[in-house]
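Predicted, not measured: the structure shown is a model, and the values here were computed from it. Index from 1, following the sequence.
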Amino acid sequence: MHTKNDRLATLRMLFSSQELCSQEDVLKALRKEGFNVTQATLSRDMKQLKVAKAAMANGKYIYVLPTETMYKRVQKPMTAREMLLTSGFLSITFSGNIGVIRTRPGYASSIAYNIDSSDCKTILGTIAGDDTIFIVLAEGAKEKEVKDELGYILPDML
């Protein structure tokens with residue numbers, strides 16, 4: 001049995017990965033993911049997520065999430081189930097005592113939460129956007145040590 005939180009997470013992933021033009025399109029996509037909801041429930045969920053319609057360059061209107069920078073779209077769409085099985089991690093780079101982690105759209109906050117909750121000795125804290133996380137390294141922390149600690153939190157990183 002799916003919960004409302006599962007449904008909302010699936011909707012976020014669908015809006016980030018597909019060009020959905022109507023509520024009927026969204027209902028069909030939800031059904032493919034195992035959610036049978038009414039149009040009224042979908043409308044309430046979309047209102048809660050603050051979903052809007054945005055014009056594409058070709059003049060077509062699609063649903064977008066408010067957190068999506070410039071309404072970017074994922075180039076290689078995945079099913080919501082596939083997205084739930086990935087940590088969302090893409091890359092990490094360092095400059096001095098700052099690290100920048102790139103994630104799939106919508107994943108940065110949850111990854112940053114996991115980092116902050118994990119009691120990493122090499123990371124003082126995080127700041128997350130939609131698809132980017134800034135990490136501040138502890139004094140004297142080495143890149144390899146940070147990557148090793150993050151490997152326990154983000155298995156796809158290794």
Q: Would you give the length of the straight line joining atom CG of Asn97 to atom CD of Glu143, rounded to the nearest 0.5 angstrom?
A: 11.0 Å
Q: Apply side-chain contact (heavy atoms from CB on, under 4.5 Å) to Leu154 and Ile92, showing your working.
A: CA-CA 11 Å; Leu154 304 166; Ile92 184 168; over 6 Å; no
Q) Using 4.0 Å as the upper bound for N to carboxylate O, is an ion pair formed by Lys47 and Asp45? A) no
**Q.** Side chain to side chain, Asp130 and Leu65, heavy atoms closer than 4.5 Å
**A.** no
Q: Show your working on salt bridge (Lys or Arg N to Asp or Glu O under 4.0 Å) between Asp6 and Lys4 and close with a plain yes or no.
A: CA-CA 5 Å; Asp6 293 336; Lys4 179 178 180 181; over 6 Å; no
Q) Between CG of Leu14 and CD of Glu33, what distance do you get to the nearest 0.5 Å? A) 5.5 Å
Q: For the residue pair Arg7 and Thr10, confirm or rule out a side-chain donor-acceptor distance under 3.5 Å.
A: no
Q.
With clusters defined by side-chain heavy atoms of hydrophobic residues (ILVMFWY) lying less than 4.5 Å apart, directly or transitively, does Ile123 cluster with Ile98?
A. no
Q | Thr126 side, atom OG1; Ile101 side, atom CD1 - distance, nearest 0.5 Å | A | 8.5 Å
Q) Between Thr38 and Thr41, is there a donor-acceptor pair closer than 3.5 Å when you use the side chain of the first and the backbone of the second? A) yes
Q: Give a yes or no on whether Ile115 and Phe94 share a hydrophobic cluster (residues Ile, Leu, Val, Met, Phe, Trp, Tyr; joining criterion: side-chain heavy atoms under 4.5 Å apart).
A: yes
Q: Could you tell me whether Ile127 atom CD1 has more than 12 heavy atoms of other residues or ligands within 6.0 Å of it?
A: no
Q: Check whether any side-chain N or O of Lys147 sits under 3.5 Å from a backbone N or O of Lys142 as a donor-acceptor pair, and report yes or no.
A: no
Q: Give a yes or no on whether the backbone of Thr122 and the side-chain of Glu149 come within a donor-acceptor separation of less than 3.5 Å.
A: yes
Q.
How long is the straight-line distance from CD1 of Ile133 back to CZ of Phe89, given to the nearest 0.5 Å?
A. 9.0 Å
